[in-house]
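To keep things clear, I will list the structure first and then write my remarks on it.
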Amino acid sequence: MITRNNITEVAYDIRTTVDDKHNLPFDSHVTNTNDAKAMGNMLQRAETILGTNDFTALYDKGYHTGSEFQKADEMGIEVLVAIPSVAANAPTPEYNVEKSKFDKSTDCYTCPQGEILTTNGRWHQAKTYRFKRYTTSACKTCPAKPECSKAICGKAIQRSEYQELVDDNKKRINDNKELYRKRQQIVEHPYGTIKRQWGFNYIITKKGINRASADVGFITTAYNFRRIINIVGLKILKEYLEAVISFILENMSLLKLRLSDISDFEYQLKRKKTVLFKCLKQLYLIRKLTAETSF
């Protein structure tokens, strides 16, 4: 799989969803793809497990993808994703793209020099998203051009179709910096114990992703048992497990009884079906004989 800086390694990526109260991983997923397109799937899994979308999810910058923000928005789940650094900056930071103000009503940008950058409305296709280009002819004679752009024709702002959702995430990050700082405390806590204290710096089973997933499942289950014992104590955990086992056994007995009733019903149905076929066959033969005699 491709890891950071486009380095390819023989590896699996382990993703976990962890609650903020007890640092319990309630979901783990093993894959051989990077995190760029993973947020939506992890949110769907979390929503299914929790039975609600009333939660806030914190992610590192590897999950910062416009289309994934759209999935989160469609599910009605609030996310806070770290903002990656921008590769293409102006020669002077005061003229970076974020310093230009976008007006949604007129679909144009106003640059720090007060000039209006407009678009012809055409959508251009990038690798994973569409975007519009915003330019102005004023760039050619602008005195601040050397500080703003190295391009001969001046600055061209590319606005992604997901830019509004990206901006919303940036605002949430800026408004909730203390909350986002908890991300590492929450999700990295189990990895610290599993990898550093327990020595699981790598998974034992590497022959196929299904076996690797089972391996990770055993590790996270063991971790959760240890955490639960630390949180509620061995006695309460034992009582809970006994209650769960009793409930399962009781329902298994009821299930066996229901299955027995179904089997009896199927047997009676087959007998009635056989009798019905015999009656129909006899009726057919009688009618055939009557018809031949009449002729």
State whether the side chain of [X] and the backbone N or O of [Y] hold a donor-acceptor pair below 3.5 Å, judged by distance alone.
X	Y	answer
S246	E242	no
N251	F247	yes
D13	N32	no
T16	V18	no
D73	L165	no
D19	L24	yes

I'd like to check the side chain to side chain contact (heavy atoms under 4.5 Å, CB included) partners of [X]; sequence neighbours left out, ordered by chain and number.
X	answer
A126	Y129, F131
V244	Y240, I248
A151	S149
W123	R130, K132, E161

With sequence neighbours left out, write down each residue that passes salt bridge (charged side-chain N to carboxylate O under 4.0 Å, His left out) with [X], or none if nothing qualifies.
X	value
E98	none
R45	D27
D103	none
K101	none

- Item | Ionic contact status for D167 with K171, cut-off 4.0 Å |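 No, no charged N to carboxylate O under 4.0 Å.
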
- Message: Please determine whether a side-chain nitrogen of the Lys or Arg among E74 and K71 lies less than 4.0 Å from a carboxylate oxygen of the Asp or Glu.
- Response: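 No, this pair does not count.
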
Other residues, nucleotides and ligands only: do more than 12 of their heavy atoms fall within 6.0 Å of [atom1] on [X]?
X	atom1	result
I152	CD1	no
E239	CD	yes
N201	CG	yes

[Y] reachable from [X] in the ILVMFWY side-chain graph, under 4.5 Å edges:
X	Y	value
Y59	F26	yes
F55	Y63	yes
L241	I236	yes
Y223	F218	no

Could you go through residues 33-41 and list every donor-acceptor pair under 3.5 Å that involves a side-chain atom there, pairing it with any protein atom two or more places apart or in another chain?
| unit_1 | atom_1 | unit_2 | atom_2 | d |
| --- | --- | --- | --- | --- |
| T33 | OG1 | T31 | OG1 | 3.1 |
| N34 | OD1 | A36 | N | 3.3 |
| D35 | OD1 | R15 | NE | 2.9 |
| K37 | NZ | S67 | OG | 2.7 |

- Worked check of side chain to side chain donor-acceptor pair (under 3.5 Å) between R196 and Y191: CA-CA 8 Å; R196 297 293 178 263; Y191 286 108; over 6 Å; no

Atom pair [atom1] ([X]) and [atom2] ([Y]), whose distance is rounded to the nearest 0.5 Å:
X	Y	atom1	atom2	answer
T220	F200	OG1	CZ	11.0 Å
L269	I262	CG	CD1	12.5 Å
R226	T221	CZ	OG1	14.0 Å
I173	L80	CD1	CG	4.0 Å

- Report the C-alpha separation of F69 and H64 in whole Å, then their side-chain angles, then the decisive distance to 0.1 Å, and conclude whether the ring pair (Phe, Tyr, Trp, His ring centres under 6.0 Å) test is met. CA-CA 8 Å; F69 283 125; H64 195 283; 5.1 Å; yes

- Message: Apply the hydrophobic cluster definition, ILVMFWY joined by side-chain contacts under 4.5 Å directly or through others, and give me every member besides L276.
- Response: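 Once heavy-atom contacts under 4.5 Å are chained together, L276 belongs with F277, L280.
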
Sequence neighbours left out, cut at 3.5 Å: what donor-acceptor pairs do the side chains of residues 133-141 make with other protein atoms?
| unit_1 | atom_1 | unit_2 | atom_2 | d |
| --- | --- | --- | --- | --- |
| Y134 | OH | D107 | OD1 | 2.6 |
| T136 | OG1 | I116 | O | 3.4 |
| T136 | OG1 | A138 | N | 3.2 |

- Message: When you compare the side chain of V81 with that of K61, does any pair of heavy atoms fall below 4.5 Å?
- Response: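 When only atoms from C-beta onward are counted, V81 and K61 do not touch, as no gap falls below 4.5 Å.
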
- Message: Is any side-chain heavy atom of Q163 closer than 4.5 Å to one of V166?
- Response: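 Counting from C-beta outward, V166 and Q163 do come under 4.5 Å.
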
- Query: What pairs with H189 under ring pair (Phe, Tyr, Trp, His ring centres under 6.0 Å), at least two apart in sequence or on another chain?
  - Reply: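 Partners of H189 by the ring pair (Phe, Tyr, Trp, His ring centres under 6.0 Å) criterion come out as none, since no residue qualifies.
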
